[in-house]
A.B. asks: 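Please see the structure below; I have some questions.
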Amino acid sequence: MKFKETQTLSKIANLLGLSYVGHPDFEITGLNEIHVVQEGEIVFVDHSKYYDKALNSAATTVLINKEVECPEGKTLLISDDPFRDFNKLTKYFNPFIASKSSISDSAVIGENTIIQPNVFIGEHVTIGRNCIIHANVSINNDCIIGDNVTIHSNTVLGSNAFYYKKRPEGFDPLISGGRVIIEDNVDLGASCTIDRGVTGDTTIGEGTKIDNQVHVGHDTIIGKKCLIAAQSGIAGCTVIEDEVTIWGQVGVISGLRIEKGTVLMAQTGVMKSLKKGVYFGTPQEEYRQKMREIVHIKNEVKKEKK
């Protein structure tokens, strides 16, 4: 998430009431999660297991719960609760804006786009030309939709990330300040849910077609010309490359990459990143190998019954 104006280390530290390591005028351009953080941005870390990953990431400012040796060219913000303070920054620089109407005055809607009754369009949403948005769709704040997009009834864009920290008193959410981006020529079926990024973007690539009742988690990137069938669920921070086919009731865990042209057969459970191929089963196996195993087991059962 980029700031509208570049901040300094001292300004951020004063905002949060924190001490810091580094030059007071060190520039900070935004904040982001570890897997997408860029130079100039803040990343947070609150467990020693991940200190090295955060300190050696592209982030140039690390919000951390212990003063450690600071890498050259970087700065530290010292906090007793980095998770809490990261949330404070998200709320300060990208506060939630409550809508006052079903279609916000700040929304931009392109020529020849059809908006059916009972659609909600939030603040600072952009919708391109020649789209059809069917009844009861909810498009929450900051979503961006390209040209020639069709979204069927009851689909929700920009719901919050499913990301929580366990506290003694319960679960504390990581505030979602990112966006959903739907590129040109995408079709979304009925009752789909596309979560916004925590600080980055959840993206559905050009020409991708998604069936009914599909869930896409926060910060996931789905490539161009993919096919995703009904009741599939893709967890957050996953990359689905171009021209991947995902059949019904497939589940994909978070943080994986699935290579271009891969096919996932129905009810496959994906537990690791995949090279191009055809896969089936839970955990996933190469399709032909899995079919041979199933045939072998059936033949053994038949022998036992004789």
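The residues of the chain are indexed from 1 along the displayed sequence.
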A.B. asks: Quick check: are there more than 12 heavy atoms from other residues, nucleotides or ligands sitting under 6.0 Å from CD of E286?
C.D. replies: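 For E286, atom CD is crowded (more than 12 foreign heavy atoms under 6.0 Å).
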
A.B. asks: Any side-chain heavy atom of R167 within less than 4.5 Å of one from D81?
C.D. replies: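 Side chain of R167 against side chain of D81, heavy atoms only: contact under 4.5 Å found.
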
A.B. asks: Determine, for D172 against K165, whether the closest basic-nitrogen to carboxylate-oxygen distance falls under 4.0 angstrom.
C.D. replies: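 No, this pair does not count.
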
A.B. asks: Would I234 end up clustered with Y279 when hydrophobic side chains under 4.5 Å apart are linked, directly or stepwise?
C.D. replies: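 Same hydrophobic cluster.
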
A.B. asks: State yes or no: do V68 and Y20 share one hydrophobic cluster built from I, L, V, M, F, W and Y residues joined by side-chain heavy-atom distances below 4.5 Å, directly or via other members?
C.D. replies: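 Shared cluster, no.
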
A.B. asks: Distance alone, cut at 3.5 Å: any donor-acceptor contact between the side chains of H134 and S153?
C.D. replies: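 Looking only at side-chain atoms, S153 and H134 do not form any donor-acceptor pair under 3.5 Å.
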
A.B. asks: Parallel, tilted or perpendicular: which one describes the rings of F44 and F86, with boundaries at 30° and 60°?
C.D. replies: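 Tilted: the ring planes of F44 and F86 meet at 30° to 60°.
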
A.B. asks: Using side-chain heavy atoms (C-beta onward) and a distance below 4.5 Å, is I240 in contact with C226?
C.D. replies: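 Heavy-atom side-chain distance check passes, below 4.5 Å.
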
A.B. asks: Is E241 paired with K276 through a side-chain N to carboxylate O contact shorter than 4.0 Å?
C.D. replies: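 No, K276 and E241 are not salt-bridged.
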
A.B. asks: Does some side-chain heavy atom of I12 sit less than 4.5 Å from a side-chain heavy atom of T61?
C.D. replies: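 Heavy-atom side-chain distance check fails, nothing below 4.5 Å.
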
A.B. asks: Can you tell whether the side chains of D242 and K260 come within less than 4.0 Å, N to carboxylate O?
C.D. replies: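 Looking at K260 together with D242, the answer is no, because their closest N to O distance does not fall below 4.0 Å.
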
A.B. asks: Kindly check if the number of other-residue, nucleotide or ligand heavy atoms within 6.0 Å of CD (E39) is above 12?
C.D. replies: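 It does not: E39 CD has 12 such atoms or fewer within range.
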
A.B. asks: Quick one: are V156 and N140 in side-chain contact, heavy atoms under 4.5 Å?
C.D. replies: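 Yes - at least one pair of side-chain heavy atoms lies under 4.5 Å apart.
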
A.B. asks: Evaluate the criterion side-chain contact (heavy atoms from CB on, under 4.5 Å) for residue pair T113 and I145; output intermediate values, then yes/no.
C.D. replies: CA-CA 11 Å; T113 284; I145 297 169; over 6 Å; no

A.B. asks: With a 6.0 Å cut-off (strictly less than), is the heavy-atom count around CD of E67, excluding the residue itself, greater than 12?
C.D. replies: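 Not more than 12 within 6.0 Å, no.
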
A.B. asks: Measure the spacing between CD1 of I64 and CD1 of I42 and express it to the nearest 0.5 Å.
C.D. replies: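 Atom-to-atom, I64:CD1 and I42:CD1 are 13.5 Å apart.
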
A.B. asks: Is the shortest side-chain heavy-atom distance between K272 and V270 below 4.5 Å?
C.D. replies: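 The answer is no, as the side chains (C-beta and beyond) never meet within the 4.5 Å cut-off.
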
A.B. asks: Look at atom CD of E72 and say whether more than 12 heavy atoms of other residues, nucleotides or ligands are closer to it than 6.0 Å.
C.D. replies: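 Atom CD in E72 is not packed in, count stays at 12 or less.
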
A.B. asks: So which heavy atom on H124 is nearest to which on I97, and how close?
C.D. replies: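 Closest approach of H124 to I97: NE2-CD1, 4.1 Å.
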
A.B. asks: Under 6.0 Å from the CG atom of D105, do we count more than 12 heavy atoms belonging to anything else shown?
C.D. replies: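 Result for CG/D105: open.
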
A.B. asks: Using 0.5 Å steps for rounding, measure from the CH2 atom of W247 to the CG atom of L264.
C.D. replies: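 It comes to 11.0 Å.
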
A.B. asks: Is V62 linked to V21 within one hydrophobic cluster, defined over Ile, Leu, Val, Met, Phe, Trp and Tyr using a side-chain heavy-atom separation of less than 4.5 Å?
C.D. replies: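 Yes, V62 connects to V21 through the hydrophobic network.
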
A.B. asks: Which pair of non-hydrogen atoms, one from G122 and one from S99, has the smallest distance, and what is that distance?
C.D. replies: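 Looks like CA-OG, 3.8 Å.
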
A.B. asks: Decide whether S104 and E123 meet the rule of one side-chain donor and one side-chain acceptor closer than 3.5 Å.
C.D. replies: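 A pair is found: one side chain offers a donor N or O, the other an acceptor, under 3.5 Å apart.
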
A.B. asks: Between N32 and T199, do the side chains contain an N or O donor and an N or O acceptor separated by less than 3.5 Å?
C.D. replies: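 Per modelled atom types, N32 and T199 side chains form a pair under 3.5 Å.
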
A.B. asks: Nearest 0.5 Å please: distance from the CD1 atom of I115 over to the CD1 atom of I151.
C.D. replies: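 The CD1 atom of I115 sits 8.5 Å away from the CD1 atom of I151.
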
A.B. asks: Do other residues, nucleotides or ligands put more than 12 heavy atoms under 6.0 Å from Y51 OH?
C.D. replies: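 Counting other residues, nucleotides and ligands, OH of Y51 exceeds 12 neighbours.
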
A.B. asks: Taking a hydrophobic cluster as the set of Ile, Leu, Val, Met, Phe, Trp and Tyr residues connected by side-chain heavy atoms closer than 4.5 Å, whether directly or through intermediates, do I182 and I210 fall within one such cluster?
C.D. replies: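 Yes: a chain of side-chain contacts under 4.5 Å links I182 to I210.
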
A.B. asks: When you look at K290 and M265, which way does the side-chain contact (heavy atoms from CB on, under 4.5 Å) test go after all the steps?
C.D. replies: CA-CA 11 Å; K290 187 66 175 178; M265 304 301 287; over 6 Å; no

A.B. asks: Of all the heavy-atom pairs spanning F120 and S101, show the shortest one and how long it is.
C.D. replies: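 For F120 versus S101, the nearest heavy atoms are CE1-O, 3.9 Å.
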
A.B. asks: Do the side-chain N and O atoms of S191 and Q213 include a donor-acceptor pair separated by under 3.5 angstrom?
C.D. replies: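 No, no side-chain donor-acceptor contact under 3.5 Å.
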
A.B. asks: Under a 4.5 Å side-chain heavy-atom rule over Ile, Leu, Val, Met, Phe, Trp and Tyr, are L89 and F26 clustered together?
C.D. replies: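 Linked, L89 and F26 end up in one cluster.
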
A.B. asks: Around R292, counting heavy atoms of other residues, nucleotides and ligands shown, do more than 12 lie under 6.0 Å from its CZ?
C.D. replies: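 Yes, CZ of R292 has more than 12 neighbouring heavy atoms, counting only those of other groups under 6.0 Å.
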
A.B. asks: Which atom pair, heavy atoms only, marks the closest approach of K209 to N185?
C.D. replies: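 Result for this residue pair: NZ-O, 2.7 Å.
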
A.B. asks: Could you tell me the separation between the CG atom of L157 and the CD1 atom of I133, rounded to the nearest 0.5 Å?
C.D. replies: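 Here the rounded value is 8.0 Å.
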
A.B. asks: Could you pull out the closest heavy-atom pair between A161 and S176, with the gap in Å?
C.D. replies: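 Of all heavy-atom pairs spanning A161 and S176, the closest is N-OG, 2.9 Å.
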
A.B. asks: Passes side-chain contact (heavy atoms from CB on, under 4.5 Å), E259 versus L274? Steps please.
C.D. replies: CA-CA 6 Å; E259 195 171 79; L274 300 177; over 6 Å; no

A.B. asks: Any non-hydrogen side-chain atom of R179 less than 4.5 Å from a side-chain atom of I144?
C.D. replies: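 Side chain of R179 against side chain of I144, heavy atoms only: contact under 4.5 Å found.
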
A.B. asks: Heavy-atom count around K225 NZ within 6.0 Å, excluding the residue itself: above 12?
C.D. replies: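 Counting neighbours around NZ of K225, 12 or fewer heavy atoms of other residues, nucleotides or ligands fall under 6.0 Å, so no.
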
A.B. asks: Which residue, D85, D46, N65, forms the side-chain hydrogen bond (donor to acceptor under 3.5 Å, both in side chains) with S79?
C.D. replies: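 Passing option: D85.
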
A.B. asks: Kindly give the heavy-atom pair with the smallest separation between T155 and G189, and that separation in Å.
C.D. replies: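 So the minimum-distance heavy-atom pair works out to OG1-O, 2.6 Å.
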
A.B. asks: Would you say the side chain of L31 lies within less than 4.5 Å of the side chain of F3, judging by non-hydrogen atoms?
C.D. replies: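 Contact flag for F3/L31 side chains = yes.
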
A.B. asks: So, taking the atom named CE in M1 and the one named CD in E33, what distance separates them when rounded to the nearest 0.5 Å?
C.D. replies: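 M1 CE to E33 CD: 11.0 Å, rounded to 0.5 Å.
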
A.B. asks: So do D195 and Y163 actually touch side chain to side chain, heavy atoms under 4.5 Å?
C.D. replies: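 No - every pair of side-chain heavy atoms lies 4.5 Å or more apart.
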
A.B. asks: Are F93 and L15 close enough, and set up right, to give a side-chain contact (heavy atoms from CB on, under 4.5 Å), and what steps lead you there?
C.D. replies: CA-CA 11 Å; F93 287 104; L15 175 65; 4.1 Å; yes

A.B. asks: Measure the CG-CG distance between D211 and D187 for me, rounded to the nearest 0.5 Å.
C.D. replies: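 Here the interatomic distance stands at 10.5 Å.
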
